[in-house]
Number of protein chains: 2
Amino acid sequence: MDEISFHSNGREFRVPAKPIVVVCIDGCGDDYLAHAMLRDCMPRLREMARTGFYGIVRGALPSFTNVNNASIVTGLPPSAHGICGNYFLDANLGEEVMMNSPKYLNSPTILSHASAAGRRVAMVTAKEKLRDILSVDLQGIAVSAEKANQARMETHGIDNVEQIVGHPTPPIYSADASLFVLRAGVALLEQGLSDFLYLSLTDYMQHRYAPWEAESLEFHAALDVEIGRLLDLGAILACTADHGMNAKADAAGRPNVIYLETELAERFGPGVRVICPITDPYVVHHGALGSAVTVYLSDASCIEEARRWLLGRPGVSEVYDRLSAGSCLELPVDRIGDLFVLSERNYVLGRTPKDHDLSALEGPLRSHGGRYEQMVPLVISRPLNRDYQIRAAGDPRNFEVFDFVCNGVTE
Amino acid sequence: MDEISFHSNGREFRVPAKPIVVVCIDGCGDDYLAHAMLRDCMPRLREMARTGFYGIVRGALPSFTNVNNASIVTGLPPSAHGICGNYFLDANLGEEVMMNSPKYLNSPTILSHASAAGRRVAMVTAKEKLRDILSVDLQGIAVSAEKANQARMETHGIDNVEQIVGHPTPPIYSADASLFVLRAGVALLEQGLSDFLYLSLTDYMQHRYAPWEAESLEFHAALDVEIGRLLDLGAILACTADHGMNAKADAAGRPNVIYLETELAERFGPGVRVICPITDPYVVHHGALGSAVTVYLSDASCIEEARRWLLGRPGVSEVYDRLSAGSCLELPVDRIGDLFVLSERNYVLGRTPKDHDLSALEGPLRSHGGRYEQMVPLVISRPLNRDYQIRAAGDPRNFEVFDFVCNGVTE
């Protein structure tokens, strides 16, 4: 592979002639790594953290998967790239729709620019929805674990994925869905099919298990084996996360759900609409319940009263009107409602009881979306150069990971 | 010592017949422990975390020392105990005053109740100011490292502290100021002078050094030696923190200071008063700059406009009016101004340039007070029982540490 340089979204990337691999461990709050390292389950990641860089970086809000993956591949906050959830009210259509189409992505990606500049780029995601959004203009490989067996050269840049990876297409609700992504990365690197990779896992395990549970430790040990293989193949490797994960339960373990549309309708009359941006087809994870929602009020004169009322509602931690959400939370103001609401660490925000099927959950309610899932780890296999050391000491972002790994490491 | 039980501030404490030691490692964000453990500097704490309990707990806001220490010894949020900073505008006096007198503490302490119930209680703080506030009604030992050589039996419950500890009174701006506190704890336990201890360190080292710096690692290794001694003496030990610590600098390493009184006065006219609750005599630490301030406006009709303007000011992350600060941030509404303001991870809020002497700083500006220094570790030397495991998975607080260590551990 060649050393290349290119510009993407206002930043120059100078990519060394080494394989570059960025891994987004979906849902990996630092507590997952801490518990796994405490119990010696991640010796390779621990060595990376010791000899390279390890720090805590700030993700984008709301702390959801699509939002942060879009930020990572563009290097931009949601206000710039436009992806502010899985699901939103399209003001042009007047309809609630999934935001899983590249037409909603307002910025080109670092991946497409790297491919145009001559690197062999591959993106492997666990879920197909992410592949759809983020593969735009990518001249290379873009495949999901979820539909690995459906990948075709003309549409995905690759055929015979299962043979290449040496593993069958995994069920999406499994640890294997994430492991397949890493194994695909190893195979693509090993077989010379790619030298600039973005590998994005899924948080099924984190939704289901707390950091200290045996299943979680075993999962992280398995991740570490693949991380070791990527390192052994000579990759400059960075691991970060899109968001963390917290139990959303009271002191007795019962789900702490605030049905906000129900409560607001009781107080401010019908016509209130609450949009849960976590809403996606993968309801086993979270029942469409997260720690951030946006609220549309039918009567604009109620906005300020509703804002104040919400701030007094136990479990609600922050409430912004549309413009403040734009400036304080870096959100695209044309894709959110009159108010944007974040909840406390152990609360989730829902719509009405009938909109959320808690019986679909496997195990306790663990979810994300709010401020307390925003901070995530960043581990890089090389030490940072002087300039990036200083930047890393300030307010580094998870979506600067490609910048850090391309421009910020020592030779 | 005897097994005792007592009630304090609405909670029952059942204290086993073992020494109980709670350590507040001032300024210890989890990144300090993570880096120290990565480099094998804290083998005893690591073993505690592996075999006992380790988790991330939520501190009180603003994330300052007195606020959180008052919460820890009362088990209550600031709205209940009243200590919301080092410094405030006393509305009764109409004057800005230090909040370092027990007259401002609205609740009795767990320490005083434990002493009344028959345990030999000792509180050792690094700074004298904390001793002053928190030793109220404590029938036992209450001494600070800062003024160890001035302790007298009639006022402090102990004479000859230097001889007992075996170390001289340390300078307050030193690693030794914290180490002395732990060494005093070891000596009191070893010599049978106490069996229920609260040991509260100082964050001089954390203000000065980032988690990965050699000085910081050496400091944590020295803490670990004393932690090991406490464990070897049979203590049930819990280590937590009052707040974390972040660099408050831009990408080039320059301090990110917003002089809020200056800016607000320019926009809303004279009469604006900004109170920095971090203000204390120890300016070498932080130059009286932290990530939370409260604002008094002379014209009440400007409050809403000022709130919105502040939310649009880059570097400001959250703004609450008085009542919302009471409900969302758990603050005593009679001790804060019209607005309460938090800043971003790498920004601090000040008054006017002349109020802050940045030249007094040793090294880069590292500080705390905001949301990004709120989450801290909790490590307990015993596993939790079933009930407390469930509580710990929700939204445990740093100020529940006495509850956890007395009521929550397995035999």
Side-chain angles (χ1 to χ4, degrees), chain A residues 29-31 33-35 37-40 46 49-50 53-56 58 210-212 246-253 256 304 307-308 311-314 316-321 323-329 344-347 364 366 371-372 374-375 377 387 389-396, chain B residues 29-31 33-35 37-40 46 49-50 53-56 58 210-212 246-253 256 304 307-308 311-314 316-321 323-329 344-347 364 366 371-372 374-375 377 387 389-396:
Chain A
D30 195 53
D31 46 353
L33 299 186
H35 277 275
M37 289 201 273
L38 262 184
R39 285 164 186 82
D40 300 320
R46 184 162 192 259
R50 281 167 70 112
F53 170 78
Y54 161 70
I56 303 297
R58 182 160 65 97
W212 51 87
N246 280 303
K248 303 295 180 177
D250 65 15
N256 265 334
E304 180 54 19
R307 190 187 68 78
R308 290 172 155 273
L311 279 172
R313 170 68 171 88
V316 167
S317 57
E318 299 173 56
V319 186
Y320 296 88
D321 61 37
L323 288 182
S324 299
S327 59
C328 289
L329 306 180
E344 286 286 3
R345 184 189 190 192
N346 62 334
Y347 278 82
R366 299 177 56 76
R371 186 78 74 170
Y372 292 100
Q374 186 189 11
M375 303 306 286
D387 283 354
Q389 279 178 28
I390 294 170
R391 279 181 51 183
D395 185 30
Chain B
D30 194 53
D31 46 353
L33 298 186
H35 277 275
M37 288 201 272
L38 263 184
R39 286 164 185 81
D40 299 321
R46 184 163 192 259
R50 283 166 69 111
F53 171 78
Y54 160 70
I56 303 297
R58 182 160 65 96
W212 51 86
N246 280 304
K248 303 295 179 177
D250 64 17
N256 265 333
E304 181 55 17
R307 189 187 69 78
R308 291 173 154 271
L311 279 173
R313 170 68 170 88
V316 168
S317 57
E318 298 173 57
V319 186
Y320 296 87
D321 62 35
L323 287 182
S324 299
S327 58
C328 289
L329 306 181
E344 287 283 4
R345 183 188 190 192
N346 62 333
Y347 278 82
R366 299 177 56 75
R371 186 78 73 170
Y372 292 99
Q374 186 189 12
M375 304 305 287
D387 283 354
Q389 279 177 29
I390 293 171
R391 279 182 51 183
D395 185 30

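Chain letters run A, B, ... following the sequence lines, proteins first, then strands; residues in each count from 1.
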Residue selection (most heavy-atom pairs with chain B, distance under 4.5 Å) from A/R50, A/R391, A/K248: A/R50
Closest non-hydrogen atom pair between A/L38 and B/M37, with its separation: CD2-SD, 4.0 Å
Chain A interface, residue from B/P314, B/G29, B/P377, B/A49 that has the most non-hydrogen pairs under 4.5 Å: B/A49
Which atoms of A/R313 approach chain B - backbone, side chain, both or neither, heavy atom under 4.5 Å: neither
Contact origin within A/D30 toward chain B - heavy atom pairs under 4.5 Å: side chain
Closest contact, heavy atoms only, A/E344 versus B/C328: OE2-O, 4.2 Å
Contacting region of B/A210 [heavy-atom separation from chain A under 4.5 Å]: neither
Approximate separation, where rounding is to 0.5 Å, of B/W212 CH2 and A/Y54 OH: 10.5 Å
Heavy-atom proximity to chain A below 4.5 Å, by part of B/Y347: neither
Verdict with supporting geometry, A/E304 and B/E304, side-chain contact (heavy atoms from CB on, under 4.5 Å): CA-CA 10 Å; A/E304 180 54 19; B/E304 181 55 17; 3.7 Å; yes
Minimal non-hydrogen separation, A/D31 against B/I56, with atom names: CB-CG1, 4.5 Å
Chain A contact via B/R308 - which portion, at a heavy-atom distance below 4.5 Å: side chain
Atom pair CZ/CZ of B/R58 and A/R345 - distance to nearest 0.5 Å: 8.0 Å
B/D395 and its side-chain contact (heavy atoms from CB on, under 4.5 Å) partner, picked from A/N256, A/N246, A/N346: A/N346
Closest non-hydrogen atom pair, A/G312 against B/S327: CA-OG, 3.9 Å
Under-4.0 Å salt bridge between A/R46 and B/D40: yes
B/P211 versus chain A, the contacting section by heavy-atom distance below 4.5 Å: neither
Side chain, backbone, both or neither of B/M375 within contact of chain A (heavy atoms, under 4.5 Å): side chain
Stepwise side-chain contact (heavy atoms from CB on, under 4.5 Å) test for B/Y372 and A/R371: CA-CA 9 Å; B/Y372 292 99; A/R371 186 78 74 170; 2.7 Å; yes
Criterion side-chain contact (heavy atoms from CB on, under 4.5 Å) on A/Y320 and B/E318, from CA distance to verdict: CA-CA 9 Å; A/Y320 296 88; B/E318 298 173 57; 3.4 Å; yes
B/V319 portion near chain A, given a 4.5 angstrom heavy-atom threshold: neither
